[in-house]
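Single-structure report; data block below.
Along the sequence shown, residues carry numbers from 1. What you see below is based on every heavy atom in this structure, not just the backbone, and it leaves out hydrogens, waters and symmetry mates.
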Amino acid sequence: MAAVGLQTHIWANNTRSTLLLIGFPVMLVVVLFGLELVLMGFGFLPNSGGALGDDINYAVGMLAGTIPLAVVVALIWFAIAWFGNQAMIDVMTGARKVERSDEPELYNLLENLAISRGLRTPALRIIESDSLNAFASGIREGHYSVTVTRGLMAALTRDEMEAVLAHELTHVINKDVRTMVIASIFAGIISVICQLVFRGLMYMRGGKDNKNAGPLILIGFAVAAVGYLFAVVIRLMLSRTREYVADAGAVELTKNPDSMISALRKVSGRSKLQAPDDVQGMFLDNEREGFTDALFATHPSIDKRIAALVKFGGGRDPGAWDVIEAPAGTAVPVS
């Protein structure tokens with residue numbers, strides 16, 4: 001496949017990972033500031049007793065305590081996520097680790113691919129689901145993992161499965177997997193915090209009245225929403241080109257573009273797998289329907305990925321029909 005600027009891609013992923021780690025406490029401060037305003041509006045926090053501007057300045061003053069809290073929370077969450085990210089993902093997806101003795105052929109395929117690139121073999125995990133999907137996970141050497149569904153194992157041939165494993169291994173090589181895990185674990189918690197707090201407020205009664213309650217609540221929700229939307233924007237920051245690059249890497253590893261293409265054809269329309277949105281961005285395929293879903297899609301479409309493999313990888317699409325001349329102007333598919 002044509003050159004894709006691999007080192008630039010890896011450098012960009014390293015930069016994104018660093019920005020995500022730096023941005024996490026910043027997002028927390030923004031969200032917590034918005035929540036302060038909302039809680040002041042509902043009367044759960046004290047207020048200035050003056051005009052709206054005074055209340056906002058009072059909330060800004062409380063940031064002196066909020067910022068250290070955000071940093072502490074970020075450090076605690078960082079430690080939890082650093083050492084427990086795989087356990088979190090396993091719980092969210094239902095994945096379980098298997099050994100060579102459990103799935104010898106699958107394990108050997110992954111091991112041979114890793115050896116060919118001088119890598120330590122990632123752990124192998126399986127999800128007991130009829131869906132056709134796979135993903136790589138992990139954020140540091142010696143703790144990477146490749147997960148496949150039981151449905152994928154049943155539907156794909158040996159060569160197609162090798163291509164999918166090579167695709168996921170390429171995500172490890174390119175550092176895509178680290179960026180995705182950081183995004184899903186760190187940015188995802190912002191969404192969870194906002195949803196839990198806002199839902200909780202719906203069932204809580206306020207304390208002391210505040211004459212600026214209405215504006216404070218509106219401003220607070222708006223500020224907190226900025227932090228929440230930033231978590232969504234993070235997913236859009238993660239370039240969809242990573243899937244093209246991983247497809248290209250699979251072809252480079254296996255020298256078999258046709259198997260990657262046929263695997264994608266089988267996966268298309270059968271990849272739906274239950275998991276949080278942030279985790280679904282790690283999948284081999286993450287189907288989206290409708291204009292809104294397409295706008296926030298984490299993956300290019302299967303058709304676009306196959307078109308790239310045909311154009312640059314020299315593969316053949318089994319889903320495409322070669323049309324020849326036939327009587328009465330009919331189109332005849334040629335296998």
Side-chain angles (χ1 to χ4, degrees), residues 17 20 24 77 80-98 106 122-139 143-156 161 164-165 167-172 176-196 199 228 231-240 242-243 246 263-264 266-290 292-302 305:
S17 297
L20 285 171
F24 180 63
W77 186 247
I80 294 172
W82 183 264
F83 294 104
N85 63 87
Q86 188 61 59
M88 295 179 191
I89 293 171
D90 288 348
V91 170
M92 290 186 282
T93 61
R96 64 177 179 85
K97 186 177 179 181
V98 296
L106 188 64
L124 181 62
R125 284 176 161 78
I126 292 178
I127 299 174
E128 299 295 340
S129 169
D130 292 333
S131 298
L132 274 58
N133 224 318
F135 63 91
S137 53
I139 56 178
H143 292 81
Y144 292 119
S145 180
V146 172
T147 303
V148 301
T149 62
R150 184 68 67 180
L152 190 75
M153 294 170 60
L156 269 54
M161 180 59 73
V164 169
L165 293 176
H167 171 103
E168 299 305 334
L169 192 61
T170 301
H171 279 311
V172 173
D176 294 327
V177 59
R178 183 176 63 190
T179 307
M180 290 303 301
V181 169
I182 290 173
S184 62
I185 298 298
F186 286 83
I189 193 62
I190 297 293
S191 302
V192 172
I193 290 173
C194 289
Q195 291 175 20
L196 290 177
R199 288 177 183 176
Y228 180 84
V232 175
V233 169
I234 284 176
R235 282 191 303 212
L236 301 181
M237 284 174 55
L238 304 176
S239 174
R240 299 178 194 177
R242 71 184 185 279
E243 295 303 326
L264 289 174
K266 289 183 179 180
V267 166
S268 182
R270 302 171 63 189
S271 65
K272 187 63 176 178
L273 186 62
Q274 293 300 320
D277 287 345
D278 296 289
V279 176
Q280 289 184 27
M282 300 164 57
F283 292 171
L284 173 67
D285 181 44
N286 184 20
E287 293 182 3
R288 297 288 183 176
E289 297 178 356
T292 303
D293 284 338
L295 182 64
F296 293 98
T298 57
H299 291 57
S301 69
I302 290 289
R305 291 166 64 180

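Applying the side chain to side chain donor-acceptor pair (under 3.5 Å) rule to S271 yields the partners D285, E287; only residues at least two apart in sequence or on another chain are considered. R150 meets the side chain to side chain donor-acceptor pair (under 3.5 Å) test with E103, E128; sequence neighbours excluded. Shown here are the ring-ring contact (aromatic ring centres under 6.0 Å, His included) partners of F283, two or more places apart in sequence or in another chain: F135.
Counting heavy atoms from C-beta on, the side chains of H299 and L284 never come closer than 4.5 Å. Two residues are said to be in side-chain contact when any heavy atoms from C-beta on lie closer than 4.5 Å; V148 and L165 meet this criterion.
Rounded to the nearest 0.5 Å, atoms CD1 (I89) and CE (M180) are 10.0 Å apart. Taken from OG1 in T149 to CG in D130, the straight-line distance is 8.5 Å, to the nearest 0.5 Å. Here the CZ atom belonging to R96 is positioned 11.0 Å from the CZ atom belonging to R125, to the nearest 0.5 angstrom. To the nearest 0.5 Å, the span separating CD1 on I139 from CZ on R178 amounts to 8.5 Å. The CH2 atom of W82 sits 9.5 Å away from atom NE2 of H143, with the distance rounded to the nearest 0.5 Å. Atom CZ of R242 and atom OG1 of T170 lie 13.5 Å apart (nearest 0.5 Å).
Contact detail for L169 and P122: the closest heavy-atom pair is CD1-CG, 3.8 Å. Looking at every heavy atom in both residues, L156 comes nearest to A263 through CD2-CB, 4.0 Å. Of all the heavy atoms in S137 and V181, the pair that sits closest is CA-CG2, 4.1 Å. Closest non-hydrogen pair, N85 versus G138, comes out as OD1-CA, 4.0 Å. Taking every heavy atom of both residues into account, H167 and A246 meet most closely at CE1-CB, 3.4 Å. The two residues H171 and A136 come nearest to each other via the heavy atoms CB-CB, 4.5 Å.
Within the 3.5 Å criterion, the main-chain N or O of S131 finds no donor-acceptor partner in the side chain of K272. The backbone N or O of A275 lies less than 3.5 Å from a partner atom in the side chain of Q280, making a donor-acceptor pair. Of the possible donor and acceptor atoms, none in the side chain of S268 sits under 3.5 Å from a partner among the backbone N and O of L264.
None of V164, T147, I127, L273 except one satisfies the side chain to side chain contact (heavy atoms under 4.5 Å, CB included) rule with L152; the exception is V164.
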